Amino acid sequence: MIRTRLTSQRLAFVFLLGCIFFNYPLLSIFNKNGSFLGMPPLFAWLMGSWIVLIALMAFVIERKRD
């Protein structure tokens with residue numbers, strides 16, 4: 001029971017982190033002309049933050065029990 005609650009809280013944190021990543025103030029910082037790894041900075045930010053969120057969710061869900 002406690003393990004499930006802790007996992008739920010961690011997933012809620014990852015959700016809130018995703019809300020911050022995809023909110024206007026951060027997106028406007030990366031909405032510039034230029035190139036980063038061959039793509040616009042906004043697309044690089046979106047793809048990078050999406051990968052980070054997926055990795056965090058996988059880490060939280062697949063974490064071994066103590």
Side-chain angles (χ1 to χ4, degrees):
M1 177 74 169
I2 292 174
R3 174 74 177 153
T4 305
R5 186 171 186 195
L6 185 59
T7 301
S8 298
Q9 290 175 353
R10 288 179 178 160
L11 287 175
F13 172 75
V14 172
F15 170 76
L16 292 175
L17 188 63
C19 289
I20 292 169
F21 279 174
F22 299 126
N23 206 351
Y24 170 70
L26 277 179
L27 290 180
S28 67
I29 292 172
F30 296 101
N31 193 14
K32 307 284 185 211
N33 291 334
S35 179
F36 180 74
L37 296 175
M39 62 171 98
L42 180 62
F43 294 154
W45 169 254
L46 290 173
M47 288 295 146
S49 58
W50 189 254
I51 290 170
V52 166
L53 289 174
I54 290 173
L56 283 173
M57 284 189 294
F59 178 74
V60 168
I61 292 171
E62 297 295 328
R63 194 169 169 185
K64 294 189 181 201
R65 297 178 190 253
D66 295 359

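Worth knowing before you read on, the calculation uses all heavy atoms, side chains too, and leaves out hydrogens, waters and symmetry mates. Please read these numbers as outputs of a predicted model, since none were measured by experiment.
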Considering non-hydrogen atoms only, spot the tightest contact between P41 and S35 and give its length.
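The answer is CD-N, 4.5 Å.
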Rounded distance (nearest 0.5 Å) linking atom CD1 of I51 with atom CG of L46
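Answer rounded to 0.5 Å: 11.0 Å.
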Hydrophobic cluster membership, M47 vs L27, 4.5 Å side-chain cutoff:
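No, M47 and L27 fall in different hydrophobic clusters.
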Residues which pass ring-ring contact (aromatic ring centres under 6.0 Å, His included) with F59, listed by chain and number, not counting sequence neighbours:
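Checked F59 against ring-ring contact (aromatic ring centres under 6.0 Å, His included); zero matches.
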Can you list everything that forms a side chain to side chain contact (heavy atoms under 4.5 Å, CB included) with A44? Sequence neighbours excluded, please.
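Scan of A44 (side chain to side chain contact (heavy atoms under 4.5 Å, CB included), adjacent residues dropped) gives F36, M39.
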List the atom pairs, donor and acceptor, that lie under 3.5 Å between side-chain atoms in residues 5-26 and the rest of the protein, sequence neighbours left out.
unit_1 : atom_1 : unit_2 : atom_2 : d
T7     : OG1    : R3     : O      : 3.0
S8     : OG     : T4     : O      : 3.0

